[in-house]
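Below: the structure, in C-alpha cells.
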Amino acid sequence: MTQKKMWGGRFSEGTAALVEEYTESISYDRALYRQDIKGSQAHARMLARQGVLSAEEADILCRGLDQVRTEIEAGEFVWKRGLEDVHMNIESRLTEIVGEVGKKLHTGRSRNDQVALDFRLYVAEALDNWQRLAANLVRVLADKAEAQREVILPGCTHLQPAQPVSLAQHLLAYAWMFKRDFERMADAGRRVRVSPLGAAALAGTTYPLDPASVASEVGFDSAFANSMDAVSDRDFAVEPVFCASLCMAHLSRLCEDIIIWSNPAFGFVKLPDAYSTGSSIMPQKKNPDVAELMRGKSGRVYGALTSLLTTIKGLPMTYNRDLQEDKQPFFDADRTLSASLEVMGGMMEALGFNAVNMRRMLKLGFVNATELADYLVGKGLPFREAHHVTGAAVALAEQRGLGLEDLELPEFQAISPLIGPDVYEVLAFEAAVARREAPGGTGPHSVQTQLAALRGWLSTAR
Ligand code: ARG
C-alpha cells in the first residue's frame with residue numbers, strides 16, 4: 001500500500017501500488033505544467049479581487065508558483081507518482097514552498113475545471129503553432145508555383161494523363177488546401193478559447209467568483225456558460241484533432257504525388273538528398289522515405305481522432321475519469337502534425353522539378369485530345385462525333401508511336417476533312433493551358449490571380 005493521498009480524508013488505507021500505477025497521469029500530463037501554473041495564478045488573483053483571499057495571500061501564491069515553474073524548468077522538480085497528476089504535484093510543492101496558505105489555492109475550484117482549463121490552454125497553443133506551420137507551407141508552395149509558372153505537365157484523372165496543366169496550378173491546388181486547413185484551425189480555436197474555470201466540480205461554486213476575468217487574464221475570449229458542459233465535454237480537443245487529421249490527409253496526398261513523381265518512370269522531381277534515403281542492399285536506390293513516412297503517420301492522427309471520439313461517446317454527465325485518456329492522443333497528434341508540416345515545408349522548398357521529363361510524358365499521354373475535339377466542334381461537328389473522330393486520330397497516333405501533334409496534315413484529313421493546317425497551333429500544349437483562363441483555370445493569368453490572392457491572404461495570416 002502507498003502513502004495517504006491529498007484526497008484521502010475518508011480513506012483508511014492507501015492505494016494498491018498497481019492501482020497507483022494504473023491511474024496516474026503524471027508521466028505525461030506534466031507537459032501541462034506551464035498551463036497549470038498560468039491558470040492557478042489567474043485563479044489566485046481573481047480570488048483576491050473577489051475578496052476570497054487577501055491580496056497578500058494571492059501574491060504569495062503567485063510567487064510560489066513562479067518558483068515551482070523555475071524548479072520544473074531547471075529540472076530540479078521531483079515529480080511524484082503518488083501525487084497522481086500535474087495538478088496535485090504542483091499544488092503539493094507550492095504548499096511546501098509557501099506553507100499553509102498554499103492550501104487555499106484550490107478554493108472554489110476542482111481538478112475538473114482545472115484540468116479542462118489547462119488542456120484548453122495547451123490545445124490553443126498547439127493550434128497557433130499548426131497555423132503558423134500551415135501558413136509557412138502555403139508560402140513555400142506559392143513561391144515554388146511562382147518559380148515554375150512556365151512548366152507544363154500532364155494533369156491526371158484516375159492517374160491517367162488527362163489534360164495539360166501548369167505545374168503552378170498543380171502546386172497551388174495544395175496551397176489552397178492548406179489555407180483551408182489554417183482557417184479550420186482558426187475557427188476551431190474560437191471554441192477552444194473559452195475558460196471553464198469556475199465550473200468547479202460540476203455545479204458551479206458558492207464563492208463569488210468572476211470567471212470572465214480569469215478568461216481574459218489567461219488570454220481567452222470568454223468564460224463557460226454552463227458548469228456541467230464546462231467540465232464534461234472534450235469537443236475542444238476533438239475538433240482540432242479532426243482539423244489535424246484532414247491536414248494530414250492533405251499532406252499525405254502531396255506525399256503520394258512526390259512518391260509517384262520521384263519514380264524514374266515519371267522522373268518529375270529530383271528528391272533532395274537531405275530528404276531521401278538509400279537502400280542497404282541496392283546501391284542505385286534513392287527512396288522517398290520521408291514522404292512515405294508522412295503518408296503513414298496520417299494513420300496515427302486518425303487514430304487519435306477515433307480514440308478521442310470513442311472516449312467521450314458513452315460518458316454520462318459530467319466529469320468521468322475516462323477523460324484522463326484525452327491527453328495522450330492529443331499530444332501524439334500534435335507532435336505528428338507539427339513535425340509533418342515542418343518537414344514538408346523543408347522538403348518542398350528543396351524539391352527540384354524536371355520539366356524535360358514532364359514534357360516527354362505530355363507527348364505520351366495524348367493530353368491534347370480534348371483540344372482536337374473542341375477544335376472540331378468549332379468547325380461545326382456535334383461534340384459526340386468530334387469525340388469519335390478524335391478517338392480515331394488518337395488510335396492512329398498511338399499505332400505510329402507519335403503524339404497527335406506529330407501526325408501529318410493528310411493523315412488528319414483522311415480522318416476528317418474538317419481538319420485544316422490551323423490544327424497544329426490548337427494542339428500545342430502551351431496553347432491548351434493558355435486557353436484555360438476562366439476563373440480558377442490553369443491559364444497563366446488565372447494562376448497569377450490565384451497567386452495574388454494567396455499572397456494577400458498570407459500577409460494577413462499572422
Ligand atoms: N488527471 C485527471 C485528468 O486528467 C485530472 C482530473 C481528475 N479529477 C477527478 N475528479 N479525479 O482528467
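Atoms within each ligand, like the ligands themselves, are counted from 1 in listed order. Note: hydrogens, waters and symmetry copies are ignored here, and every other heavy atom, side chains too, is used.
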### Query
Can we say R34 and E125 salt-bridge, meaning some charged N sits less than 4.0 Å from an Asp/Glu carboxylate O?
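Yes, this pair counts.
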Identify, for [atom], the protein heavy atom at the shortest distance, and state residue, atom and that distance.
atom	result
atom 3 (C) of ligand 1	Y319 OH, 3.3 Å
atom 11 (N) of ligand 1	R111 NH2, 3.6 Å
atom 4 (O) of ligand 1	K327 NZ, 2.5 Å
atom 2 (C) of ligand 1	Q324 OE1, 3.3 Å
atom 10 (N) of ligand 1	N112 OD1, 3.1 Å
atom 5 (C) of ligand 1	D85 OD2, 3.5 Å

### Any side-chain heavy-atom pair of F331 and L32 under 4.5 Å
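Yes, their side chains come closer than 4.5 Å.
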### Message
Below 4.0 Å from ligand 1: does a non-hydrogen atom of E84 turn up there or not?
### Response
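Under 4.0 Å: no for E84.
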Can [X] and [Y] be counted as having a side-chain donor-acceptor contact under 3.5 angstrom?
X	Y	answer
R45	S213	no
H106	R109	yes
D66	Q41	yes

### Query
For ligand 1, which atoms sit closer than 4.0 Å to a heavy atom of S25?
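Going through ligand 1 atom by atom, the ones under 4.0 Å from S25 are 1 (N).
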### Message
Centroid separation under 6.0 Å, is that true for the rings of F330 and F119?
### Response
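Ring-ring flag for F119/F330: true, centres closer than 6.0 Å.
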